[in-house]
Amino acid sequence: MGTMIILSLNNVPVDYGKNHHWTSHAWLFPPGSVRDVPYIYAENLIETKSGLSAPLKEVLFRMDHLGYSLDETRDRYNDELERWNRTYALRLPFEHFLSAVTSIDFSKITQDDQKSYEYELSTLLLQILESTDPQNDDYDNEEGEFSNIEDFVRERIPVHVLLRCLAERPTNLKLPLTWGYSDLVESGWEQRSTLMEIDRTQSTLNLIRLYGRMQEQAGCHSIASFDKWLANHGVSLDTHYIEQKPSGATPRKLTLPSAVRNMIHHPENRNQILTNTQLEQAIESLLLARLRASAS
């Protein structure tokens, strides 16, 4: 019925894509998140199709460990604001933006509410920002138009920064975050496998950052001791890794995260080639171990 791909929180759209122009959100969802989810069309016609869905609380856990902790999100926001202010002089501190975002209760937004702001969350957010600081000069340019802050909010704030801020409101955490991609696939614009592909560069950075932080938190100062820690938290010690030394090749059995970590740190070792599947699975193994450790 369309070519849209929509990220929604409790059936309220947060991000749109169309045809070949879309942002990947697959990494937000834990394994096993494929669900039959509602697709809402004109005149409130609802159909149920395949998509990804998970409670925002589970998404928050992943964001916190994959580069979007609150501090990292603040830094990302401030970086965008700094770039913007190379041309403009916008005063919109992160705390003010965060306060406006967390004032939105997604458990209470109706279809009629969405019509009132034309289904554009940025419009609602701008209304809130204007009402909470109507005297701010940044809301007007020389012609008296609401342009400086409007363009920044609509065009420059990354959707994952917005989403991470939404997760700071406790009442939003129990709500389902859904990525409805079926229309895009059924219409032939993309294959599902393309939508699920990882960003290899970003995933590599995520793996190294997550591995190092978990190693420090566990108090394990060597790969061997951290491997034992991972094994104690359910990660199998069954990945074959060939360590290359001047004296020759030495086969070892490691956890997949440690083997992948070594492949990244030692690209000169050509005994094994890192695949995207290994990289993705290693990150999921670390996240699962972190979840088990926090629960114990």
Side-chain angles (χ1 to χ4, degrees), residues 4-17 22-40 46-70 72-73 76 101-102 104-109 114 121 158-186 190-199 202-203 206-207 209-210 214 233-235 257 276-277 279-295:
M4 300 294 290
I5 181 169
I6 302 175
L7 183 73
S8 301
L9 180 60
N10 201 34
N11 295 328
V12 179
V14 175
D15 183 54
Y16 295 93
W22 45 271
T23 299
S24 176
H25 301 302
W27 67 275
L28 294 169
F29 298 89
S33 293
V34 177
R35 302 280 190 279
D36 286 335
V37 299
Y39 287 68
I40 303 175
I46 300 177
E47 293 190 10
T48 300
K49 302 179 183 180
S50 181
L52 296 180
S53 183
L56 185 59
K57 183 177 181 179
E58 294 183 10
V59 174
L60 172 61
F61 173 82
R62 296 176 67 81
M63 297 190 83
D64 276 347
H65 291 85
L66 297 177
Y68 283 87
S69 67
L70 187 59
E72 290 166 323
T73 301
R76 290 173 185 269
V101 172
T102 54
I104 305 173
D105 187 350
F106 275 70
S107 68
K108 297 181 178 179
I109 297 178
Q114 293 183 56
L121 186 60
V159 62
H160 295 133
V161 167
L162 172 61
L163 181 64
R164 178 59 182 81
C165 290
L166 288 171
E168 283 298 296
R169 183 183 177 104
T171 56
N172 287 337
L173 292 177
K174 64 182 179 181
L175 303 177
L177 183 75
T178 301
W179 195 31
Y181 52 76
S182 284
D183 286 345
L184 202 67
V185 174
E186 291 173 358
E190 296 288 358
Q191 293 186 357
R192 185 184 181 282
S193 58
T194 302
L195 299 174
M196 300 300 135
E197 285 177 346
I198 66 170
D199 180 327
Q202 187 60 53
S203 293
N206 285 341
L207 184 286
R209 176 172 48 214
L210 181 57
M214 288 180 60
H233 290 84
V235 183
N276 284 355
T277 297
L279 181 56
E280 184 176 17
Q281 290 177 350
I283 290 173
E284 295 300 337
S285 293
L286 287 173
L287 289 173
L288 184 57
R290 182 69 184 88
L291 190 60
R292 286 170 173 164
S294 62

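Note that this is a predicted model, so its numbers are computed, not measured.
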Novice: Atom NE2 in His65, atom CG in Leu291: separation rounded to 0.5 Å?
Specialist: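 Taking NE2 in His65 and CG in Leu291, the distance rounds to 8.5 Å.
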Novice: Do Ile5 and Glu190 come close enough that some side-chain heavy atom pair is under 4.5 Å?
Specialist: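 Sidechains of Glu190 and Ile5: no contact.
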Novice: Quick check: are there more than 12 heavy atoms from other residues, nucleotides or ligands sitting under 6.0 Å from CD of Gln191?
Specialist: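 At most 12 heavy atoms, drawn from other residues, nucleotides or ligands, come within 6.0 Å of this atom.
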Novice: Could you tell me if the side chain of Leu28 sits less than 4.5 Å from the side chain of His160, heavy atoms only?
Specialist: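 Yes - at least one pair of side-chain heavy atoms lies under 4.5 Å apart.
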Novice: Check whether any side-chain N or O of Arg35 sits under 3.5 Å from a backbone N or O of Thr178 as a donor-acceptor pair, and report yes or no.
Specialist: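 Not confirmed, Arg35 side chain does not pair with Thr178 backbone.
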Novice: Give a yes or no on whether the backbone of Leu163 and the side-chain of Tyr68 come within a donor-acceptor separation of less than 3.5 Å.
Specialist: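 Checking the backbone N and O of Leu163 against the side chain of Tyr68, no donor-acceptor pair under 3.5 Å is found.
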Novice: Is any side-chain heavy atom of Val34 closer than 4.5 Å to a side-chain heavy atom of Ser50?
Specialist: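 Counting from C-beta outward, Val34 and Ser50 do come under 4.5 Å.
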Novice: Return the CG to CG distance between Asp105 and Leu166, rounded to the nearest 0.5 Å.
Specialist: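 One finds 11.0 Å between CG of Asp105 and CG of Leu166.
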Novice: Are any non-hydrogen side-chain atoms of Asp64 and Arg164 less than 4.5 angstrom apart?
Specialist: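 Result yes, sub-4.5 Å side-chain heavy-atom pair found.
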Novice: Does the side chain of Val235 come within less than 4.5 Å of Leu288's, by heavy atoms?
Specialist: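 They are not in contact (no side-chain heavy atoms under 4.5 Å apart), so the answer is no.
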Novice: With a 4.5 Å cut-off on side-chain heavy atoms, are Pro31 and Glu284 touching?
Specialist: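 Of all side-chain heavy-atom pairs linking Pro31 with Glu284, at least one is under 4.5 Å.
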Novice: Got Ile104 and Asn172 here, is their nearest side-chain heavy-atom distance under 4.5 Å?
Specialist: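 No - every pair of side-chain heavy atoms lies 4.5 Å or more apart.
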Novice: Would you say that Glu280 contacts Ser203 through its side chain, given a criterion of any heavy-atom pair below 4.5 Å between the two side chains?
Specialist: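 Glu280 vs Ser203: side chains apart.
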Novice: Regarding Arg169 and the six-membered ring of Phe106, is the cationic atom NZ or CZ under 6.0 Å from the ring centre and inside 45° of its axis?
Specialist: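 Cation-pi check for Arg169 and Phe106: fails.
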Novice: Given Arg62 and Leu287, is the side chain to side chain contact (heavy atoms under 4.5 Å, CB included) satisfied, shown in steps?
Specialist: CA-CA 8 Å; Arg62 296 176 67 81; Leu287 289 173; 3.5 Å; yes
Novice: Assess whether a salt bridge exists between Glu186 and Lys49, defined as any Lys/Arg side-chain N lying under 4.0 Å from an Asp/Glu carboxylate O.
Specialist: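 Result for this pair is yes, salt bridge flagged.
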Novice: Distance from Leu184 atom CG to Leu195 atom CG, nearest 0.5 Å?
Specialist: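 CG of Leu195 is found 6.0 Å from CG of Leu184.
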Novice: Do side-chain atoms of Glu72 reach the backbone of Ser69 as a donor and acceptor pair under 3.5 angstrom?
Specialist: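 Checked: pair present.
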Novice: Should the ring pair Trp22 and Trp179 be called parallel, tilted or perpendicular, given that the plane angle runs from 0 to 90° and is split at 30 and 60?
Specialist: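 Aromatic pair Trp22/Trp179 classed tilted.
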